[in-house]
Amino acid sequence: MIPSPQGFAWPSAGWVLSRVLRCSRCIGRPVSWQPRIWADLYPGIPVTWLAMEPPCPAGSHRICFDAMPYLFTCPHCGSKTRVDDRYSGQVGECFSCGSPIQIPDFANSEVDDANSASVDGKRPVGVIIAAGVVLTLLVCLIFAVVRFGGSSVTRLTEMRLRNASIKNLEAIAGALNAYAADHGTYPPAILRDDAGRPLHSWRVLILPYLGEQETYDLFDLSKPWDDEINLQASYETPGVYQHPSDLRRSRGQSGYYLLTGPGTLFPTSGPLSPTNISDDPSKTILVISGAPPLSTSLGAWAEPVDLDFSKMRGVINGTVGVEPGGWLDDGVTMATVDGRGHFLPNTLSPKTFAALATANGKEPLADDTLD
């Protein structure tokens with residue numbers, strides 16, 4: 001019998017033991033030779049006293065339970081015991097359930113835990129750095145949007161309005177040329193009665209060529225444009241006459257006008273025919289966008305008024321109601337005799353504008369004037 005503390009008798013070998021540890025002095029023995037710890041069965045015995053089931057050749061050994069640095073849990077029954085690091089990675093039987101077990105490699109576990117702790121310790125720093133980079137990028141993006149985004153949006157809006165205006169002008173130019181094909185000349189800028197009194201604008205006369213026959217039929221051409229029946233007929237403005245930049249469409253104003261006066265397609269003597277033009281039709285203005293002339297009373301689209309070329313200095317977006325423009329900040333849209341729409345920038349010289357406005361001036365113009 002293995003010696004025991006005073007007043008304590010060891011139980012028989014068949015008793016179920018509470019913990020199983022390898023004896024530090026039996027490290028080279030087969031795995032089945034394992035020390036049995038009786039401390040849990042006999043509370044009176046100190047935990048530092050351990051017994052070894054025979055045939056341990058070393059006899060009774062004293063093992064300090066508290067000195068075992070690692071706590072091992074059986075994966076089968078959940079029983080726990082402390083194990084010295086010298087037994088890392090070895091196999092044996094659970095002291096409680098007898099199932100085969102393998103002691104983990106505690107040395108490598110310590111290295112893994114240390115590495116994990118090191119990574120965990122560094123992770124907050126990495127997260128902070130990443131967050132800082134993301135924040136910096138967001139600040140730069142916001143700055144770029146504020147600095148350049150506003151101007152980009154403005155340019156895109158102007159391009160959209162410009163293209164929409166050119167589309168209207170090309171439709172109007174097509175209607176004017178269709179009228180000329182049927183009547184031999186362009187429509188008169190002002191339809192007058194026998195007494196010379198102004199009645200209607202050319203915009204009313206070409207309505208059938210714009211697909212506005214029903215609106216045209218509402219007019220009484222024998223009466224002036226501001227007669228009650230004609231005011232009712234012109235209450236709704238055809239979309240093609242509305243400039244896309246005009247936010248006051250309820251007023252029924254036109255955004256497109258002819259250039260009238262000496263040298264133009266619409267002199268005071270009467271409109272010309274496309275065959276009467278000696279200048280290049282692709283470089284001769286037929287219709288142009290503009291604000292209602294200053295001489296108008298209402299600026300209604302059916303009112304027989306246009307832009308007087310003789311009063312112009314040729315400055316685009318100059319005096320509103322006198323010079324061409326007034327809708328787009330950077331220039332003006334127009335259509336030439338050949339039916340194509342163009343954009344004239346504010347930087348266009350007055351001399352070049354005058355050459356474009358005349359029909360038979362024979363002024364030399366570069367091929368890329370309207371590119």
Side-chain angles (χ1 to χ4, degrees), residues 151 154-173 176 186 189 201-203 240-249 253-267 277 279-296 299 301 305-371:
S151 59
T154 300
R155 286 195 297 271
L156 289 174
T157 301
E158 290 179 350
M159 285 297 298
R160 178 181 61 80
L161 295 174
R162 179 192 303 181
N163 292 336
S165 179
I166 287 176
K167 183 179 179 180
N168 288 343
L169 283 162
E170 289 179 342
I172 295 171
L176 287 169
Y186 286 115
S201 167
W202 58 272
R203 285 178 286 274
V240 72
Y241 291 147
Q242 296 176 338
H243 196 284
S245 296
D246 185 5
L247 302 179
R248 302 173 298 177
R249 297 181 180 182
Q253 293 180 334
S254 175
Y256 304 102
Y257 297 88
L258 301 178
L259 297 180
T260 62
T264 69
L265 286 169
F266 301 91
I277 302 172
D279 287 352
D280 188 345
S282 65
K283 297 176 184 176
T284 302
I285 296 175
L286 177 57
V287 59
I288 195 167
S289 64
L294 294 179
S295 60
T296 63
W301 68 271
V305 291
D306 287 284
L307 296 175
D308 189 345
F309 177 63
S310 64
K311 297 180 180 179
M312 294 182 179
R313 294 184 297 114
V315 179
I316 296 175
N317 278 328
T319 304
V320 177
V322 176
E323 304 289 349
W327 295 117
L328 302 175
D329 293 336
D330 54 348
V332 64
T333 52
M334 64 87 172
T336 48
V337 171
D338 63 350
R340 298 179 59 188
H342 301 277
F343 175 77
L344 303 179
N346 291 339
T347 55
L348 189 75
S349 69
K351 181 178 180 181
T352 301
F353 179 79
L356 292 170
T358 57
N360 296 294
K362 295 183 172 57
E363 302 93 341
L365 289 171
D367 292 337
D368 60 352
T369 299
L370 297 180
D371 288 348

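Heavy atoms only: backbone and side chains are in, while hydrogens, waters and symmetry mates are out.
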Interatomic spacing from CD in E158 to CG in N163 - rounded to 0.5 Å: 11.5 Å
When rounded to the nearest 0.5 angstrom, what is the spacing between CG in L258 and CG in L265? 8.5 Å
Test item: N168 and H243 side chains (from C-beta on) under 4.5 Å apart, heavy atoms: no
Contacts of F353 that satisfy ring pair (Phe, Tyr, Trp, His ring centres under 6.0 Å) - sequence neighbours left out: none
Gap between atom CG of D306 and atom OG1 of T260 - 0.5 Å precision: 5.5 Å
What's the verdict on side-chain contact (heavy atoms from CB on, under 4.5 Å) for V322 and L294, showing C-alpha distance, side-chain angles and the deciding distance? CA-CA 7 Å; V322 176; L294 294 179; 3.7 Å; yes
Would you check, one step at a time, whether the test side-chain contact (heavy atoms from CB on, under 4.5 Å) holds for L365 with T352? CA-CA 7 Å; L365 289 171; T352 301; 3.9 Å; yes
For residues M334 and L370, determine if any side-chain heavy atom of one lies less than 4.5 Å from a side-chain heavy atom of the other. yes
How about F266 and L286: do any of their side-chain heavy atoms sit closer than 4.5 Å? yes
First locate atom CD of Q253, then atom CG of D246, and finally report the distance between them rounded to the nearest 0.5 Å. 6.5 Å
Closest contact, heavy atoms only, V320 versus A291: CG1-CB, 3.5 Å
Polar contact flag, side-chain donor to acceptor under 3.5 angstrom, S165-Y256: yes
Going by the side-chain contact (heavy atoms from CB on, under 4.5 Å) test, name the single residue among I285, D279, D280 that passes it with K283. D280
In sequence, state the C-alpha distance, the side-chain angles, and the governing distance for D330 and R162, and then conclude on side-chain contact (heavy atoms from CB on, under 4.5 Å). CA-CA 10 Å; D330 54 348; R162 179 192 303 181; 3.0 Å; yes
Spatial distance of atom CG (N360) from atom OG1 (T264) [nearest 0.5 Å]: 10.5 Å
With W301, which of Y241, W202, Y257 fulfils ring-ring contact (aromatic ring centres under 6.0 Å, His included)? Y241
Among N346, L344, L161, find the one that has a side-chain contact (heavy atoms from CB on, under 4.5 Å) with L328. L161
What distance do F343 atom CZ and I316 atom CD1 have between them, rounded to the nearest 0.5 Å? 8.0 Å
